[in-house]
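Only one structure is covered here, and it is reproduced in the block below.
Both backbone and side-chain heavy atoms feed into the values below; hydrogens, waters and symmetry mates do not. Lettering of chains follows the sequences in order, A, B, ..., and the numbering in each one begins at 1.
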Amino acid sequence: MNMYVVFIRKARQSSFLFLDLLTMKRTKIKDLLISAEFGQRVTVKGWVRTFRNNQFIAINDGSSINNIQAVVDFEATDPALLKRITTGAAVSVTGILTESLGKGQQVELKADTVEILGDCDAEKYPLQPKKHSLEFLREIAHLRFRTNTFNAVFKVRNALSFAIHQFFQERGFVYMHSPIITGSDAEGAGEMFRVTTIDFDNVPRNEDGSVNFKEDFFGKSTNLTVSGQLEGELAALAFGEIYTFGPTFRAENSNTTRHLAEFWMIEPEMAFYELDDNMDLAEDLLKYVIKYALEHCKEELEFLKNRLLEEEKQKPQAERSDLDLISKLNFCLDNSFERVTYTEAIDILKSSKPNQKKQFKYLIDNWGADLQSEHERFLVEKHFKKPVILTDYPADIKAFYMKQNDVDAQGHSTVRAMDILFPGIGEIVGGSQREENLEKLERRMAEMHIPAEEMSWFLDTRRFGTVPHSGFGLGFERLVLFVTGMTNIRDVIPFPRTPKNAEF
RNA sequence: UCUCGAGUAGCUCAGCCGGUUAGAGCAUCUGACUGUUAAUCAGAGGGUCGCUGGUUCGAGCCCAGCCUCGAGAGCCA
């Protein structure tokens with residue numbers, strides 16, 4: 001009730017007529033552009049993209065990447081009103097839907113009533129009807145939604161997000177909300193952001209001078225989650241198959257085009273899945289959501305494809321990709337991901353041209369070396385030319401919870417890990433079969449100096465009815481990067497959080 | 001965090017070997033035109049050359065430190 005009163009007051013104060021707001025139905029531009037029902041009187045509400053020749057308003061309401069052109073009879077319109085039709089202004093235009101006389105569009109709106117819902121000072125409005133750099137748009141992230149590129153990017157992001165839920169729901173997975181605030185600091189997935197209500201000007205101290213977290217909000221030291229995996233495992237060992245999809249936080253000082261301090265991650269966890277089942281699921285998921293985007297975001301992907309082609313024209317021939325965006329996505333659907341073990345990958349890399357010719361910055365000579373970006377890129381972009389799943393990594397370079405393989409004939413200790421590498425993105429999925437044997441897990445934790453006491457709740461899964469199980473983490477923004485063809489992760493999340501930047 | 005590059009008008013950029021009053025296109029404003037497609041044409045306004053210090057008769061340009069941005073690397077999803 002109160003909200004309704006506030007609404008009426010606000011509406012009365014503003015420049016448009018309150019009655020209009022209630023009586024005039026608006027039609028979405030997306031629907032009008034595919035309509036052939038000429039002669040209808042309709043109302044469109046949106047934002048002015050350009051106002052050409054004192055008579056053509058390109059209006060966008062976000063429903064479509066495309067604008068509708070409203071034609072104003074400037075000789076019969078108050079010049080003061082015409083002056084207020086500026087780029088960025090919010091307008092309500094009513095008129096007759098007609099077949100366009102001009103060449104650039106099928107449909108247009110012969111306007112009889114133009115109402116300015118919200119003025120936009122052209123001298124101050126930063127968006128111009130021209131191409132802006134992504135760097136500049138990043139600085140005005142609150143306004144970049146109003147551009148074609150970001151309309152497309154965030155529509156695709158939305159579709160992918162929905163498709164992920166649909167994929168898992170169709171398969172009976174339970175969507176589980178893992179905690180955002182976590183009390184365990186042993187997950188080992190990276191540097192954490194501290195969560196506290198401690199007054200920094202008056203920090204409670206223990207006798208030895210250390211901070212007394214008993215005085216803090218939770219009575220202990222707490223952080224933002226770096227992974228929901230451990231909690232996911234608890235649920236999986238009751239529901240069978242679960243997934244999480246939520247924000248994740250890493251306080252790493254990473255300054256790259258593929259890292260964020262706050263990002264979204266999908267973490268399925270499945271009881272009774274071994275590594276092959278895990279890989280099958282991950283590959284199916286990726287293909288399913290890419291297919292969904294191709295089917296549901298045709299216009300957006302077409303736009304992004306052309307945007308990329310334009311961008312590639314600036315590059316030398318050798319650096320251009322052989323496939324356009326949509327072909328690349330289809331190629332991904334039509335081919336199975338290459339599955340190779342770490343050991344096989346090392347052999348391929350050892351005998352590879354860049355290794356022989358010493359073109360790698362880090363040359364591959366021994367089994368056990370961690371693969372660098374350049375090696376992953378070689379495997380994916382040069383050698384196999386498609387997504388690659390690397391499995392069975394050396395135990396020493398992977399997390400404590402991964403299932404240990406038997407030591408092989410060469411004496412190598414490996415774990416049942418799997419990383420999915422995508423062209424241009426690198427690691428998009430990281431996962432493993434989990435070590436379900438309590439003794440083996442505890443031994444590994446001791447070796448890696450992980451305090452078992454704090455992890456007792458996690459180890460209970462192995463104490464009480466343990467089963468083989470697997471899971472993985474999919475970096476959502478990296479997926480959006482791949483599908484949209486964008487190259488900087490800061491351009492596929494509305495408000496990126498990176499070192500030295502938490503604007504908006 | 002490391003390496004490299006950049007920071008000049010609202011945006012994108014030029015600015016020669018250090019030399020007088022720092023330029024262009026687009027945007028904005030004014031006028032003209034009126035079926036345009038980032039409309040066009042004419043004119044006008046718009047600058048703490050990232051910041052601080054130094055070298056010099058003189059610094060947008062050279063040097064040092066810092067800040068910010070970008071690309072790559074590390075860490076990872």
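Taking atom C1' on both rC63(B) and rA22(B), the two are 23 Å apart, rounded to the nearest angstrom. For the C1' atoms, the distance linking rU48(B) with rU8(B) amounts to 12 Å, nearest Å. Rounded to whole Å, the C1' atom of rC4(B) lies 15 Å from the corresponding atom of rG74(B). Going from the C1' atom of rC41(B) to that of rG23(B) covers 22 Å, rounded to whole Å. When the C1' atom is compared between rC11(B) and rA38(B), the two are found 13 Å apart, to the nearest whole Å. rU56(B) sits 9 Å from rG18(B) when the C1' atoms are compared, rounded to a whole Å. Using P as the reference atom, rA64(B) and rA73(B) are 28 Å apart when rounded to the nearest Å. Nucleotides rG25(B) and rU40(B) have their P atoms positioned 13 Å apart, rounded to a whole Å.
Ring planes of His132(A) and Phe136(A): tilted class, angle from 30 to 60°. Note: His375(A) and Phe360(A) have perpendicular aromatic rings, judged against thresholds of 30 and 60 degrees for the angle between ring planes.
Contact annotation: the side chain of Met279(A) approaches that of Thr391(A) to within less than 4.5 Å [non-hydrogen atoms, C-beta and beyond].
Phe263(A) qualifies as a stacking partner of the rA77(B) base, centre to centre under 5.5 Å and near-parallel within 30°.
Asp491(A) has a carboxylate O that lies under 4.0 Å from a charged side-chain N of Arg138(A), or vice versa, which qualifies the two as a salt bridge. Comment: Glu311(A) engages Arg307(A) in a salt bridge, judged by a side-chain N to carboxylate O separation of less than 4.0 angstrom. A salt bridge is defined here as a Lys NZ or Arg NE, NH1 or NH2 lying under 4.0 Å from an Asp or Glu carboxylate O, and Arg416(A) with Asp392(A) meets this definition.
Comparing rU12(B), rU34(B), rG35(B) by their nearest atom to the side chain of Leu101(A) picks out rG35(B). Among the nucleotides rG35(B), rC26(B), rG74(B), the one closest to the side chain of Glu108(A) is rG35(B). Nearest to the side chain of Ala122(A), among rA73(B), rA39(B), rC29(B), sits rC29(B). In this structure, of rA71(B), rC76(B), rU37(B), it is rA71(B) that holds the atom nearest to the side chain of Thr257(A). For Lys500(A), the listed nucleotide lying nearest its side chain is rU68(B); candidates were rG74(B), rU1(B), rU68(B). Side-chain proximity of Gln55(A) to the nucleotides rG74(B), rU34(B), rC11(B) is greatest for rU34(B). If you check rC76(B), rA73(B), rC69(B) against the side chain of Arg478(A), the one that comes closest is rC76(B).
Look at CZ on Phe360(A): it is 15 Å from C1' on rA73(B), rounded to the nearest Å. One atom, CZ of Phe136(A), and another, P of rU12(B), lie 6 Å apart when rounded to the nearest Å. Straight-line distance from the CZ atom of Phe482(A) to the P atom of rA77(B): 19 Å, rounded to whole Å. Distance CG (Asn67(A)) to C1' (rA38(B)): 12 Å, rounded to an integer number of Å.
Screening Tyr243(A), Phe482(A), Phe245(A), Phe263(A) for a ring pair (Phe, Tyr, Trp, His ring centres under 6.0 Å) involving Phe476(A) leaves a single residue, Phe245(A).
Distances shorter than 4.0 Å separate some side-chain N or O of Ser373(A) from OP1 or OP2 on rG74(B). Checking the phosphate oxygens (OP1, OP2) of rU36(B), no side-chain nitrogen or oxygen of Arg52(A) falls inside 4.0 Å. OP1 or OP2 of rU68(B) has not a single side-chain nitrogen or oxygen of Arg138(A) nearer than 4.0 Å. The side chain of Lys83(A) places an N or O atom within less than 4.0 Å of a non-bridging phosphate oxygen (OP1 or OP2) of rU30(B). A sub-4.0 Å separation between OP1 or OP2 of rG70(B) and a side-chain N or O of Arg490(A) is present. Between Asn53(A) and the phosphate of rA39(B), there is no side-chain N or O to OP1/OP2 separation shorter than 4.0 Å. For the pair Gln105(A) and rU37(B), the criterion of a side-chain N or O lying under 4.0 Å from OP1 or OP2 is not met. An OP1 or OP2 oxygen of rA38(B) is reached within less than 4.0 angstrom by no side-chain nitrogen or oxygen of Thr50(A). OP1 or OP2 of rA71(B) lies within a sub-4.0 Å distance of a side-chain N or O belonging to Asn488(A).
Here Pro129(A) lies in heavy-atom contact (under 4.0 Å) with a base. Nucleic acid contact class of Phe74(A) (heavy atoms, under 4.0 Å, all strands): base. Thr87(A) comes within 4.0 angstrom of nothing in the nucleic acid, heavy atoms only. In this structure, Gln372(A) reaches the sugar-phosphate backbone alone: every heavy-atom distance under 4.0 Å involves primed, P, OP1 or OP2 atoms, never a base.
Donor-acceptor pairing under 3.5 Å is recorded for the side chains of Trp367(A) and Thr343(A).
A residue-by-residue look at Phe476(A) and Lys361(A) shows that Lys361(A) has its nearest nucleotide of RNA chain B further toward the 5' end. A residue-by-residue look at His132(A) and Trp264(A) shows that His132(A) has its nearest nucleotide of RNA chain B further toward the 5' end.
Across all strands shown, rA44(B) forms a Watson-Crick or G-U wobble pair, both distances under 3.5 Å, with rU28(B). Base pairing analysis places rG5(B) opposite rC69(B); the two distances defining the Watson-Crick or G-U wobble pair are each below 3.5 Å. rC75(B) is unpaired under the criterion used here, namely a Watson-Crick or G-U wobble arrangement in which both key atom distances are under 3.5 Å. Judged by Watson-Crick or G-U wobble contacts below 3.5 Å, the nucleotide rC62(B) has rG54(B) as its partner.
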